[in-house]
Amino acid sequence: ERSSKSFNFGAYHPLETIYSWMDDLVAAHPNLVTKEQIGTSYEGRPMYVLKFSTGGDKRPAIWVDSGIHSREWVSQATGVWTANKIASDYGTDASLTSLLKTMDIYLLILANPDGYVHSHTSNRMWRKTRSQNSGSTCRGVDPNRNWDAGFGGPGASTNPCSDSYHGPSPHSEIEVKNVVNLVKNHGNFKSFISIHAYSQLLMYPYGYTCKDAFHAAELDSVGRSAVQKLSSLHGTTYKVGSICKIIYQASGGSIDWSYNLGIKYSFAFELRDTGRYGFILPANQIIPTASETWLALKDIMEYVHDHSY
Amino acid sequence: EKVFIGDQVIRVNVESEEQIRLLRALEQDTYWDLDFWLHPVNTEIPVDIRVPYSSLYAVKDYLRAHNIQFSVMISNLQELLDEEKAEMEENNMM
């Protein structure tokens with residue numbers, strides 16, 4: 001009964017509901033969507049990526065993850081809406097259809113399943129993973145300070161009780177390692193996009209250093225074009241720039257890792273707030289947020305499709 | 001389940017480098033158990049701080065003492081969370 005057509009995309013849902021809905025999406029689009037388990041979380045929950053593919057093996061691909069920080073609920077909700085959008089627009093949207101003829105899209109809606117469950121059941125403000133830290137009563141690592149990119153540098157904490165604790169070593173968090181393994185084993189990702197919330201930013205590398213990335217000019221141009229599309233829907237204003245220059249120096253971030261791995265089109269979104277709610281964005285804002293984000297995502301994807309390397 | 005009764009989220013529209021320095025000092029202080037939703041980095045981006053009820057008086061006093069203008073973005077976090085939870089339960093029923 002909980003078919004993909006009756007699912008309420010304008011609501012926040014617990015992990016089990018989202019995982020169950022993924023099966024419905026796959027069932028509704030068997031020739032396009034598959035659900036692949038990429039590993040398990042620290043607490044043993046499966047981690048599923050939705051793969052949108054029309055065939056072929058290890059085609060050039062685009063990676064999108066959402067909700068690596070569990071309390072940023074509009075990110076995961078946007079991931080759900082986006083998955084449905086890709087599936088339902090395939091065959092009718094000319095550019096998306098063209099892209100999926102030659103490229104695959106991987107979408108990890110719940111990048112931090114344990115944290116997401118914890119934010120639903122125990123602490124709505126939980127941001128990190130739920131791993132135990134040796135010698136500390138505080139749990140969890142900031143999974144966006146745990147990547148092997150300037151690991152342990154400025155903008156990450158050595159304190160396990162901090163919300164930006166980088167963890168004991170690069171990729172110590174199984175949730176991070178699972179993504180690293182998939183991306184490295186695949187070897188043909190052309191774009192890596194991470195969705196966060198909030199404060200309306202579109203960022204590109206680097207975060208661990210304030211030096212310009214080699215492709216900074218191009219990434220800036222791609223980002224500005226994407227944000228122009230995003231803003232055209234509801235007038236939401238975004239800022240574009242490198243992580244270090246637009247927010248602050250932050251080491252161990254995912255898109256710095258992906259960029260250094262050779263995935264040129266690496267971006268991170270900070271989705272909208274209404275200026276009043278922060279992480280508690282009302283559910284009636286999910287669809288407007290996801291809809292405007294999709295315009296930017298699609299613009300980036302089209303650019304990646306048109307600029308093979 | 002952790003509750004946030006009386007917790008407020010305060011927004012500071014930072015006006016100077018000196019204010020950034022003062023807010024960073026506040027961020028380093030673990031005594032008040034503050035949760036910086038947006039960090040003090042530059043004058044372009046506001047700073048949002050979730051302040052536990054028990055630290056409200058002291059934090060506001062600190063800001064006023066240093067002439068840092070602020071507004072209350074969320075006056076009682078738990079009220080918003082209760083609304084969010086009720087909405088989710090309603091959606092789940094549907």
Side-chain angles (χ1 to χ4, degrees), chain A residues 1-2 6-14 16-17 69 71-74 77 118-127 138 155 157 159 161-164 196-201 210 237 239 241 243-250 270 273-286, chain B residues 1-5 7-14 17 20-21 23-24 27-53 70-94:
Chain A
E1 283 183 297
R2 194 190 285 138
S6 64
F7 188 85
N8 184 359
F9 294 99
Y12 293 117
H13 298 284
E16 294 77 12
T17 308
H69 290 144
R71 65 185 177 182
E72 300 171 8
W73 280 12
V74 75
H118 196 70
S119 72
H120 274 259
T121 56
S122 301
N123 181 350
R124 176 63 181 81
M125 290 301 115
W126 192 257
R127 164 186 166 97
C138 295
S157 176
N159 178 2
C161 297
S162 165
D163 259 344
S164 57
H196 293 245
Y198 64 103
S199 66
Q200 292 116 236
L201 305 167
C210 289
T237 53
K239 286 179 182 167
I243 296 170
C244 186
K245 289 181 179 170
I246 207 171
I247 326 184
Y248 46 77
Q249 200 167 1
E270 293 281 358
D273 168 44
T274 59
R276 295 179 56 201
Y277 293 102
F279 300 121
I280 323 295
L281 195 67
N284 64 13
Q285 294 284 308
I286 293 172
Chain B
E1 185 175 10
K2 184 171 169 56
V3 292
F4 301 88
I5 298 167
D7 286 17
Q8 293 192 345
V9 181
I10 283 173
R11 169 160 289 190
V12 179
N13 288 307
V14 187
E17 288 298 320
I20 290 172
R21 193 188 63 76
L23 289 165
R24 281 184 178 155
E27 193 176 20
Q28 297 304 316
D29 193 330
T30 56
Y31 181 71
W32 287 334
D33 199 21
L34 305 180
D35 174 12
F36 277 73
W37 285 9
L38 294 178
H39 302 267
V41 281
N42 58 46
T43 53
E44 303 283 308
I45 298 175
V47 178
D48 292 346
I49 315 165
R50 178 174 64 79
V51 186
Y53 179 70
F70 63 90
S71 59
V72 177
M73 189 168 99
I74 298 174
S75 60
N76 183 349
L77 184 59
Q78 191 59 44
E79 277 180 12
L80 271 185
L81 296 182
D82 289 344
E83 284 172 27
E84 186 180 71
K85 196 167 190 174
E87 193 178 38
M88 284 180 70
E89 283 167 5
E90 193 179 325
N91 279 318
N92 198 32
M93 293 278 281
M94 285 170 67

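Protein chains get the first letters and strands the later ones, always in sequence-line order, with residue 1 at the start of each.
Among residues two or more places apart in sequence or in another chain, the side chain to side chain contact (heavy atoms under 4.5 Å, CB included) test is passed with B:K85 by B:E1, B:E89. Every residue meeting the side chain to side chain contact (heavy atoms under 4.5 Å, CB included) condition with A:T274, not counting sequence neighbours, appears here in chain and number order: A:R276, A:Y277, A:L281, A:Q285.
Using modelled atom types, one side-chain atom of A:K239 and one backbone atom of B:E44 make a donor-acceptor pair closer than 3.5 Å.
Across all their heavy atoms, B:M73 and A:G278 have their closest contact at CE-N, 3.7 Å. A pairwise comparison of heavy atoms in A:G275 and B:R11 identifies O-NH1, 3.4 Å as the closest pair. Closest of all the heavy-atom pairs between B:N42 and A:I247 is ND2-O, 4.5 Å.
With rounding to the nearest 0.5 angstrom, the CZ atom of B:R24 is 11.0 Å from the OH atom of A:Y248. A distance of 5.0 Å separates CG in A:N8 from CG in B:N91, rounded to the nearest 0.5 Å. Note that the CD1 atom of A:I280 and the CZ atom of B:R50 stand 9.0 Å from one another [nearest 0.5 Å]. Once rounded to the nearest 0.5 Å, the distance linking CZ of A:R124 with CD of B:Q78 reads 11.0 Å. Of the inter-residue distances, the one linking A:Y12 atom OH with B:E84 atom CD reads 6.5 Å to the nearest 0.5 angstrom.
At least one side-chain heavy atom of B:L38 sits under 4.5 Å from a side-chain heavy atom of A:Y198. The shortest distance between side-chain heavy atoms of A:M125 and B:W37 falls below 4.5 Å. Two residues are said to be in side-chain contact when any heavy atoms from C-beta on lie closer than 4.5 Å; A:R71 and B:D35 meet this criterion.
When the candidates B:I45, B:D48, B:I74, B:L81 are compared by the number of heavy-atom contacts under 4.5 Å with chain A, B:L81 comes out ahead. The choice from B:L77, B:V41, B:V9, B:V3 that makes the most heavy-atom pairs within less than 4.5 Å of chain A is B:V41. Chosen from A:N159, A:D163, A:L201, A:T121, the residue pairing most often with chain B at heavy-atom distances under 4.5 Å is A:T121.
For B:E90, no part sits under 4.5 Å from any heavy atom of chain A, backbone or side chain. Heavy atoms of A:W126 lying under 4.5 Å from chain B are absent altogether. Interface remark: A:S122 contributes backbone atoms only to the contact with chain B (heavy atom separation under 4.5 Å).
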